[in-house]
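Start at 1 and go down the list; that is how both ligands and their atoms are numbered.
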Amino acid sequence: MGAKKALKLGVALTDPEDWTARAFVKSIEKRGAQPVPINLSTLSASISSADFSVFNADFKGLKLDALLVRDVGISFSLEPISFKYDLLRQFEHSIPVMNSPTAIQNAANKFFSFYLFKRAHLPIPRTVITSESDVALKAIKEFDCVLAKPIFGSQGKGIIKLELSQPDLEQKLRELLNERGVLYLQEFVPNPGRDIRVFVVGEEALGAIFRVALSDSIVSNLSQGGTPVKCELTGELEELAIRVTKAIGADFAGVDLLEGEEGLVVLEVNGTPSGKGINQACGIDVTERIVDLLLERVGAGGI
Ligand SMILES: Nc1ncnc2c1ncn2[C@@H]1O[C@H](COP(=O)(O)OP(=O)(O)O)[C@@H](O)[C@H]1O
Ligand SMILES: [Mg+2]
């Protein structure tokens, strides 16, 4: 190493106390690089025909060798969210950004990720996306029981079970359509009350956990009371999770799978996954591997 100047690795984050954010910072320091925590919402840009710069609230420019994205943060309207992704896109022109904004967007979008999964011949539950109540009703008649999920949802929030047998179904559908504008309806896959989260970094699956749902819950997310339990990483899990990660173009990902009656199905992929559950259940710190992969990229001359 010698007197070589430490590489500056930005970490896009919103909560500095978040387990994964802290682990990223620690892993970067452990590798002798300098972590630079950044909240994308606090960045500004200045553009003229001669110059382009991105700077902090204190008007300091950002000089980074690479950027890790822990999370992009929530915005409630189109312009702030799109500005944050566009900041990531322009960073990508000069430094490695991991995950890429395209991969993060692909993963965050439950419709488009499913389209990509289908193209990659991955096993997925039948899903209908519509703004038409007749189409929604037809899907529920066909699937009998569906989960209505927000297209950009996460942490198991806003997931509602709708069943053909429920007396207020049409009323409920109308309310949901009014509220969401478009419905994402997925056949309910009977399962053992848990899902499987596989963590992939690069070309490798590092570990897996079951997330066991509370007995009265249809979602097994840890943020909804699910419990992480170590799951043996079989060849089938590894292969499937790596294919899912590739399908959305991510360098690292948390892949959610369900053990259906006819085998594993892919539920979703997270392009800004938490490393906490797998650390608790398996003792693996995925952030170290992610930082190593990013450093390899920087070493390889960037992008
Ligand atoms: N099609 C399905 N059938 C049965 N359970 C499901 C299905 N889709 C999701 N779930 C349950 O709901 C949880 C959250 O769903 P997911 O699609 O991963 O959304 P989120 O982005 O909110 O985590 C899953 O971890 C699983 O426990
Ligand atoms: Mg999920």
### Message
If you apply the rule salt bridge (Lys or Arg N to Asp or Glu O under 4.0 Å), what do you find for Arg289 with Asp292, and how did you get there?
### Response
CA-CA 5 Å; Arg289 299 293 288 270; Asp292 285 344; 5.3 Å; no
### Closest to atom 25 (O) of ligand 1 (judged by heavy-atom distance), picking from Val266, Leu222, Asp195
Asp195
### Query
Side chain or backbone of Arg211 under 4.0 Å from ligand 1, or both, or neither, by non-hydrogen atoms?
side chain
### Message
Polar contacts were defined as any N/O atom of the residue lying under 3.5 Å from an N/O atom of the ligand; does this apply to Phe188 and ligand 1?
### Response
no
### Message
I need the nearest protein heavy-atom contact for atom 12 (O) of ligand 1: residue, atom name and distance, please.
### Response
Val219 CG1, 3.3 Å
#### Entry: Shortest non-hydrogen contact between Leu233 and Gly207, atoms and distance
CD2-N, 3.8 Å
### Query
Looking at Arg194, Arg197, Lys110, which one forms a salt bridge (charged side-chain N to carboxylate O under 4.0 Å, His left out) with Asp256?
Arg197
### Message
Testing Gln171, Gln166, Lys172 one by one against Asp168 for a side-chain hydrogen bond (donor to acceptor under 3.5 Å, both in side chains), which residue passes?
### Response
Gln166
### Task
Would you mind checking which non-hydrogen protein atom is closest to atom 3 (N) of ligand 1, with the distance to 0.1 Å?
Val189 N, 2.8 Å
### Query
Got an N/O contact under 3.5 Å between Gly156 and ligand 1?
yes
### Task
Using a strict 4.0 Å cut-off to heavy atoms of Gln155, name the atoms of ligand 1 that fall inside it.
20 (P), 22 (O), 23 (O)
### Task
Could you grab the distance from atom CD of Gln186 to atom CD of Glu268, nearest 0.5 Å is fine?
9.5 Å
### Summary
Paired with Leu67, the side chain to side chain contact (heavy atoms under 4.5 Å, CB included) test is passed by just one of Ile38, Leu62, Leu9, namely Ile38
### Ser220 neighbourhood, listing ligand 1 atoms whose heavy-atom distance to it stays under 4.0 Å
25 (O), 26 (C), 27 (O)
### Message
Could you check whether atom CD1 of Ile74 has more than 12 heavy atoms from other residues, nucleotides or ligands sitting under 6.0 Å from it?
### Response
no
## Note on the structure
Among N, O or S atoms, Asp256 approaches the Mg ion (ligand 2) most closely through OD2
### Minimum-distance pair of heavy atoms, taken over all atoms of Ile104 and Gly271
CG1-O, 4.1 Å
#### Entry: Part of Asp256 within contact of ligand 1 (heavy atoms, under 4.0 Å)
side chain
### Task
For atom 6 (C) of ligand 1, grab the closest protein heavy atom and report residue, atom and distance to one decimal in Å.
Leu147 CD1, 3.3 Å
### Task
List the closest protein heavy-atom neighbour of atom 13 (C) of ligand 1: residue, atom name, distance to the nearest 0.1 Å.
Asn221 OD1, 3.4 Å
### Summary
All heavy atoms of Glu259 vs all of Phe210, minimum pair found to be OE2-CE2, 3.9 Å
### Message
Distance under 4.0 Å to a non-hydrogen atom of Lys110: what atoms of ligand 1 satisfy this?
### Response
17 (O), 19 (O), 20 (P), 21 (O)
### Query
Is ligand 1 less than 4.0 angstrom away from at least one heavy atom of Gly153?
yes
### Nearest candidate to atom 1 (N) of ligand 1, where distance is taken over non-hydrogen atoms, out of Glu187, Arg194, Arg197, Glu268
Glu187
### Partner of Asp285 under side chain to side chain contact (heavy atoms under 4.5 Å, CB included), chosen from Asn279, Leu206, Ile278, Thr20
Asn279
### Query
Which heavy atom of Leu222 sits nearest a heavy atom of Gly277, and at what distance?
CD1-CA, 3.8 Å
## Note on the structure
Answer key: the N, O or S atom of Glu268 nearest to the Mg ion (ligand 2) is OE2
#### Entry: Lys149 and ligand 1 - part of the residue with a heavy-atom distance under 4.0 Å
side chain
### Task
Taking only heavy atoms of Asn191 into account, list the atoms of ligand 1 that are under 4.0 Å away from them.
4 (C), 5 (N)
### Query
Counting each atom of ligand 1 from 1 as listed, which ones have a heavy atom of Ile218 under 4.0 Å away?
11 (C), 12 (O), 27 (O)
### Query
Where does the angle between the aromatic ring planes of Tyr184 and Phe114 fall among parallel (under 30°), tilted (30 to 60°) and perpendicular (over 60°)?
perpendicular
### Message
Judged on heavy-atom distance to atom 26 (C) of ligand 1, which of Leu267, Val269, Thr127, Asn270 sits nearest?
### Response
Leu267
### Message
Let me check something: do Ile209 and Val255 share a hydrophobic cluster, defined by ILVMFWY side-chain heavy atoms less than 4.5 Å apart, either directly or through other members?
### Response
no
### Side chain, backbone, both or neither: the part of Val265 lying under 4.0 Å from ligand 1 by heavy atom
neither
### Task
Provide the number and element of each atom of ligand 1 under 4.0 Å from a heavy atom of Ile159.
14 (C), 15 (O), 19 (O), 22 (O)
